[in-house]
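Below, chain A is the first sequence line, B the second, and so on; all start at residue 1.
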Amino acid sequence: MSLYNRIIKKPWPYWVGGILLGIFNVILLTTTGQSWTITTGFLYFGAHILNIFGLQPSDWYYFRQNTWLLPGETFIRNYYTVLNLAVILGSLIAVLWASEFKWKKIKNKKQLFFGFLGGILMGYGTRLSFGCNIGAYFSAIPSFSLHGWVTAVFMLVGAWIGCKVLLKYIL
Amino acid sequence: MAEVRIDCMYETCPIPLLKALKQLEKMNIGDILILETDHSCAVTNIIEWAKKQQYNVDYTELNEGEWEIYIEKVK
């Protein structure tokens with residue numbers, strides 16, 4: 001197999017990806033003082049959109065109680081936006097390099113409906129748990145935070161139930 | 001020896017794997033399942049799963065970012 005095929009085209013084994021993610025998360029933490037997190041950025045995207053429509057989410061109880069923004073950062077100009085854009089840019093480079101870029105369509109109304117439903121559940125869940133499988137799990141466990149392990153256990157339970165429901169009722 | 005084709009285009013994990021699993025249960029020994037997908041992770045996890053079941057499995061990239069996976073139900 002050529003070097004291009006092995007490194008760029010074929011998916012890497014899970015353990016290679018895992019080790020690299022771990023190393024890069026440590027580098028990120030030492031250089032910026034914050035570990036990797038994704039959904040907090042989505043939260044602020046949403047808050048920014050509400051701002052555009054004239055609402056003031058910064059006065060809401062949730063945002064008054066919890067802030068992950070540094071002084072001077074806004075809902076759209078912050079650390080999390082940079083991270084999320086970097087994830088999208090990185091994936092784009094990888095997929096173009098492997099010649100696998102493709103515009104994806106919505107398959108049918110059912111997919112659209114369950115996509116929205118899943119999105120709402122996931123979004124709501126990440127705000128209760130302060131992160132997704134990156135922020136509340138992948139970055140939490142190496143920080144010696146107990147909540148990372150709790151997330152891990154319930155993520156397994158959730159994935160198991162989710163697969164059963166998918167297989168039995170949705171597919 | 002039947003040949004069944006399932007369309008998993010635009011669907012993400014774990015749907016292609018679960019669809020394959022469900023379809024293969026209904027098929028007879030010697031039948032071949034052809035699964036179309038445009039999700040690269042599905043190629044990885046379906047092949048890994050099929051090998052674990054000791055099914056004969058192969059795949060090919062038809063277009064950029066579009067694959068067909070062939071699984072023969074051998075037992």
Side-chain angles (χ1 to χ4, degrees), chain A residues 1-2 4-18 21 87 90-119 121-122 132-133 155-171, chain B residues 2-28 31-71 73 75:
Chain A
M1 215 188 322
S2 72
Y4 168 83
N5 259 331
R6 212 161 55 205
I7 296 175
I8 308 298
K9 181 72 188 163
K10 299 264 175 183
W12 295 348
Y14 298 127
W15 63 268
V16 173
L21 282 172
V87 168
S91 324
L92 181 67
I93 292 170
V95 83
L96 286 174
W97 209 348
S99 301
E100 288 172 9
F101 181 82
K102 192 183 163 211
W103 293 103
K104 308 257 165 123
K105 288 181 217 154
I106 295 165
K107 195 177 181 102
N108 48 39
K109 280 189 186 138
K110 191 170 147 188
Q111 191 192 39
L112 187 69
F113 171 76
F114 281 108
F116 270 120
L117 186 70
L121 286 175
M122 280 162 72
C132 58
N133 54 344
M155 219 156 58
L156 281 175
V157 174
W160 186 80
I161 296 172
C163 280
K164 293 280 170 206
V165 170
L166 252 177
L167 205 54
K168 202 153 186 191
Y169 302 105
I170 300 175
L171 286 184
Chain B
E3 223 181 69
V4 181
R5 181 176 283 273
I6 50 175
D7 170 17
C8 294
M9 286 290 183
Y10 318 120
E11 284 176 324
T12 54
C13 295
I15 292 174
L17 176 65
L18 293 179
K19 274 192 170 173
L21 199 141
K22 208 170 180 177
Q23 185 60 46
L24 278 161
E25 265 175 16
K26 283 188 264 173
M27 291 166 64
N28 299 315
D31 290 354
I32 291 175
L33 176 72
I34 304 173
L35 187 141
E36 303 162 350
T37 180
D38 57 2
H39 195 55
S40 65
C41 315
V43 180
T44 312
N45 67 28
I46 288 172
I47 286 173
E48 197 184 305
W49 172 82
K51 279 185 178 160
K52 230 180 256 176
Q53 307 300 311
Q54 291 168 332
Y55 292 150
N56 290 331
V57 59
D58 202 1
Y59 72 101
T60 178
E61 187 171 6
L62 289 184
N63 295 305
E64 293 194 346
E66 289 182 359
W67 295 267
E68 264 185 10
I69 304 173
Y70 312 98
I71 305 172
K73 187 171 178 175
K75 60 176 179 63

Undergrad: For Lys102(A) versus Gly65(B), what's the shortest heavy-atom pair and its separation?
TA: CD-O, 4.0 Å

Undergrad: Could you tell me whether Met122(A) atom CE has more than 12 heavy atoms of other residues or ligands within 6.0 Å of it?
TA: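 Open: at most 12 neighbouring heavy atoms sit under 6.0 Å from CE of Met122(A).
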
Undergrad: What part of Cys13(B) gets within 4.5 angstrom of chain A, counting heavy atoms only: side chain, backbone, both, or neither?
TA: neither

Undergrad: Between Pro11(A) and Cys41(B), is any pair of side-chain heavy atoms under 4.5 Å apart?
TA: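 Counting from C-beta outward, Pro11(A) and Cys41(B) never come under 4.5 Å.
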
Undergrad: May I ask you to check whether over 12 heavy atoms, not counting those of Tyr70(B), lie within 6.0 Å of atom OH?
TA: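 Yes - once you tally the heavy atoms of other residues, nucleotides and ligands closer than 6.0 Å, there are more than 12.
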
Undergrad: Taking all non-hydrogen atoms of both residues into account, name the closest pair between Ser99(A) and Glu61(B) and its distance.
TA: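 Shortest heavy-atom separation between Ser99(A) and Glu61(B) comes out as O-OE2, 4.0 Å.
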
Undergrad: Which residues in residues 104-117 of chain A have any heavy atom closer than 4.5 Å to a heavy atom of chain B?
TA: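 From residues 104-117 of chain A, the residues near chain B are Lys104(A), Lys105(A), Lys107(A), Gln111(A).
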
Undergrad: Quick one: closest heavy-atom pair of Leu21(B) and Leu167(A), and the distance?
TA: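 Taking Leu21(B) first and Leu167(A) second, the nearest heavy atoms are CD2-CD2, 4.1 Å.
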
Undergrad: Counting only non-hydrogen atoms closer than 4.5 Å, does Gln23(B) touch chain A with its backbone (N, CA, C, O), its side chain (CB onward), both, or neither?
TA: neither

Undergrad: Checking the side chain of Lys22(B) only, and the main-chain atoms of Leu171(A) only, is there a donor and an acceptor separated by less than 3.5 Å?
TA: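 Checked: pair present.
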
Undergrad: Can you tell which part of Asn63(B) gets under 4.5 Å to a heavy atom of chain A, answering side chain, backbone, both or neither?
TA: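 Neither part; nothing is under 4.5 Å.
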
Undergrad: Pick one of side chain, backbone, both or neither for Lys164(A), based on which atoms fall under 4.5 Å of a heavy atom in chain B.
TA: neither

Undergrad: List the steps and the verdict of side-chain contact (heavy atoms from CB on, under 4.5 Å) for Asp38(B) and Trp103(A).
TA: CA-CA 10 Å; Asp38(B) 57 2; Trp103(A) 293 103; over 6 Å; no

Undergrad: Working to the nearest 0.5 angstrom, can you tell me the gap between Asn45(B) CG and Tyr14(A) OH?
TA: 5.5 Å

